[in-house]
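Notes follow the structure.
Quantities reported herein were computed from a predicted structural model and do not represent experimental measurements. Side-chain atoms are counted along with the backbone in the values below, which use heavy atoms only and exclude waters and symmetry mates.
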Amino acid sequence: MMDKLLGFREQQKAKFKSECSCMKLGDLTSINLTKLSGGVQQNQVPSEFKATFDLRITPKSDVNEFEKQLLKWIDEAEGDDKDSGRISYDF
């Protein structure tokens, strides 16, 4: 899931680099990983892991479509493995 969000961020950065002369503030969606947390020891796999992303969606984007994409990425990340954890989010 993190790789999908960071990959989208890289796409937006590439778009800016290739079209920066005609772009204005708000033309791109920004995604920044701002916090990671989980576990109590470095040699123990945590039962829960949290990643916080700051998302600033351009007014030119459809927020509902972006949320649908986010749900698709979550579904892909969770897969069919019923023994693995599930992803929750606040949007």
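Formation of a donor-acceptor pair under 3.5 Å by the Asp3 side chain with backbone atoms of Met1 is found in this model.
Here the CG-CZ distance, from Asn32 to Arg56, works out to 8.0 Å after rounding to the nearest 0.5 Å. Here Ile31 contributes atom CD1 and Lys13 contributes atom NZ; the two are 12.0 Å apart, rounded to the nearest 0.5 Å. Here the straight-line distance linking atom NZ of Lys35 with atom OG1 of Thr52 works out to 6.0 Å at 0.5 Å rounding. Taking CG from Asp80 and CG from Asp75, the interatomic distance works out to 8.5 Å, rounded to the nearest 0.5 Å. Rounded to the nearest 0.5 Å, atoms CG (Leu5) and CG (Leu33) are 9.0 Å apart. Between Gln11 atom CD and Thr29 atom OG1 the span is 11.0 Å, to the nearest 0.5 Å.
Judged as a side chain to side chain contact (heavy atoms under 4.5 Å, CB included), and not counting sequence neighbours, the contacts of Glu48 are Lys50.
The environment of CG in Asn43 is crowded: more than 12 heavy-atom neighbours from other residues, nucleotides or ligands sit within 6.0 Å.
Residues Leu6 and Leu36 share a hydrophobic cluster, clusters being chains of Ile/Leu/Val/Met/Phe/Trp/Tyr side chains in contact below 4.5 Å.
In this structure, Gly39 and Pro46 approach most closely via the heavy-atom pair N-CB, 3.3 Å. Nearest heavy-atom pair, Glu78 versus Ile87, reported as atom, atom and distance to 0.1 Å: OE2-N, 2.7 Å.
No option in Lys15, Gln12, Lys60 other than Lys60 meets the side chain to side chain donor-acceptor pair (under 3.5 Å) test with Asp27.
Checked against the 6.0 Å centroid criterion, the rings of Phe8 and Phe66 qualify as a close aromatic pair.
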